[in-house]
Amino acid sequence: VVEPVGFVLDLVPSANSARAERRQAVTDAQEQKRCFIDIKDFAPTEPGTRFIFDLRNRPLSDERFFADVRVPGLYALIFYNCKGFNSTKPLRPEATSFNAYAETYNIDVDGQRNYLSFGEEPLPVVYGVCAGVFALATLAWLRQMTLQSAFVHRVHRIMLALIVVKSLSLVFETIKFAHYRGTGEVSVWDVVYYVFSTATDIVLFSVVILLGAGWPLMKEDLGDSDRI
């Protein structure tokens with residue numbers, strides 16, 4: 001009796017739906033003494049997304065498969081182990097072990113691989129535009145400080161630093177997504193982005209605390225011993 005194992009790539013509404021499908025498959029196997037993937041009437045959402053392997057002659061580590069899906073959405077790659085699931089003996093599934101490597105990407109109009117998901121595809125442009133807007137805001141803020149230098153407090157310089165750090169954070173986030181779009185791998189740009197993102201949060205929090213404490217208003221009029 002052939003007891004295959006296999007994978008199903010199925011379009012699901014959410015991650016919870018994929019987990020529910022997996023639990024239902026286990027229940028069906030126990031009730032019908034048949035593995036879900038071995039049912040001939042079973043049809044995944046997309047054709048060509050069910051892959052069954054016979055491990056009698058080759059290990060699972062030697063298997064390779066490719067799925068071409070046309071409907072955008074969230075897909076779940078579900079593994080089914082049919083070893084021990086048949087009607088000729090008690091249901092005692094046999095353990096199996098393997099290392100799985102999955103690579104997902106879209107194909108651009110020019111035939112190049114795009115490793116960003118359908119929803120993430122416009123993000124490099126969006127973050128690039130936002131970086132440009134913050135850069136213009138930085139120049140406008142700097143110009144205003146130069147024209148009205150007599151009214152500039154130290155908190156204004158801190159706020160200028162906040163805009164600069166935020167602009168750099170958006171620049172590096174743009175580079176991060178652009179790099180991932182072409183390679184599908186994380187890089188040093190991810191580390192640089194997280195460093196500047198953390199710095200942005202720290203500076204922003206500092207500005208909020210200083211403004212809430214009235215530091216920019218009292219500093220020019222009161223001495224340190226007079227402040228609460």
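All residue numbers refer to positions in the sequence shown, counting from 1.
- Across all non-hydrogen atoms, the minimal contact from Leu9 to Ala67 is CD2-CB, 3.8 Å.
- Minimum interatomic distance between Ala131 and Ser167 (heavy atoms only, all atoms of both residues): CB-O, 4.3 Å.
- The CZ atom of Arg113 sits 3.5 Å away from atom OH of Tyr105, with the distance rounded to the nearest 0.5 Å.
- From Ile107, atom CD1 reaches atom CG of Asn114 across 9.0 Å, with rounding to the nearest 0.5 Å.
- Atom OG of Ser187 sits about 13.5 Å away from atom OH of Tyr193, to the nearest 0.5 Å.
- A distance-only check finds no donor-acceptor pair linking the side chain of Ser169 to the backbone of Val165 [under 3.5 Å].
- Between Pro122 and Phe118 the shortest heavy-atom distance is CD-O, 4.1 Å.
- With hydrophobic clusters built from ILVMFWY side chains whose heavy atoms lie under 4.5 angstrom apart, Leu142 shares a cluster with Phe134.
- The two atoms that bring Ala76 and Ala18 nearest to each other are CB-CB, 3.6 Å, heavy atoms only.
- Here the OG1 atom belonging to Thr138 is positioned 15.0 Å from the CZ atom belonging to Arg143, to the nearest 0.5 angstrom.
- Taking CD1 from Ile163 and CG from Leu168, the interatomic distance works out to 12.0 Å, rounded to the nearest 0.5 Å.
- Side-chain contact between Tyr194 and Asp190: present, with at least one pair of heavy atoms (C-beta onward) separated by less than 4.5 Å.
- Pairing each heavy atom of Thr174 with each of Pro124, the nearest pair is CG2-O, 3.3 Å.
- Phe79 and Val69 fall within the same hydrophobic cluster, defined by Ile, Leu, Val, Met, Phe, Trp and Tyr side-chain heavy atoms under 4.5 Å apart, directly or through other members.
- Tracing side-chain contacts under 4.5 Å through hydrophobic residues (I, L, V, M, F, W, Y), one reaches Leu77 starting from Val71; they form part of the same cluster.
- Using a 4.5 Å heavy-atom threshold, the side chains of His156 and Gln144 count as separate.
- Residue Val155 is not grouped with residue Ile202 when hydrophobic side chains (ILVMFWY) are merged at heavy-atom distances under 4.5 angstrom, including chains of intermediate members.
- The two atoms that bring Pro72 and Leu11 nearest to each other are O-CD1, 4.4 Å, heavy atoms only.
- Checked options Thr146, Leu136, Leu162, Leu160; the residue passing with Trp141 is Leu160 (criterion: side chain to side chain contact (heavy atoms under 4.5 Å, CB included)).
- Counting only distance, with no hydrogens or angles, the side chain of Asn106 and the backbone of Leu116 share a donor-acceptor pair below 3.5 Å.
- Here CZ of Arg181 is found 8.0 Å from CD of Glu121. Values are rounded to the nearest 0.5 Å.
- Put simply, the side chain of Trp189 never gets that close to the backbone of Phe177: no donor and acceptor are under 3.5 Å apart.
- Counting only N and O atoms by type, the side chains of Tyr115 and Glu185 include no donor and acceptor under 3.5 Å apart.
- If you chain together hydrophobic residues whose side chains sit under 4.5 Å apart, Val208 and Met159 fall into the same group.
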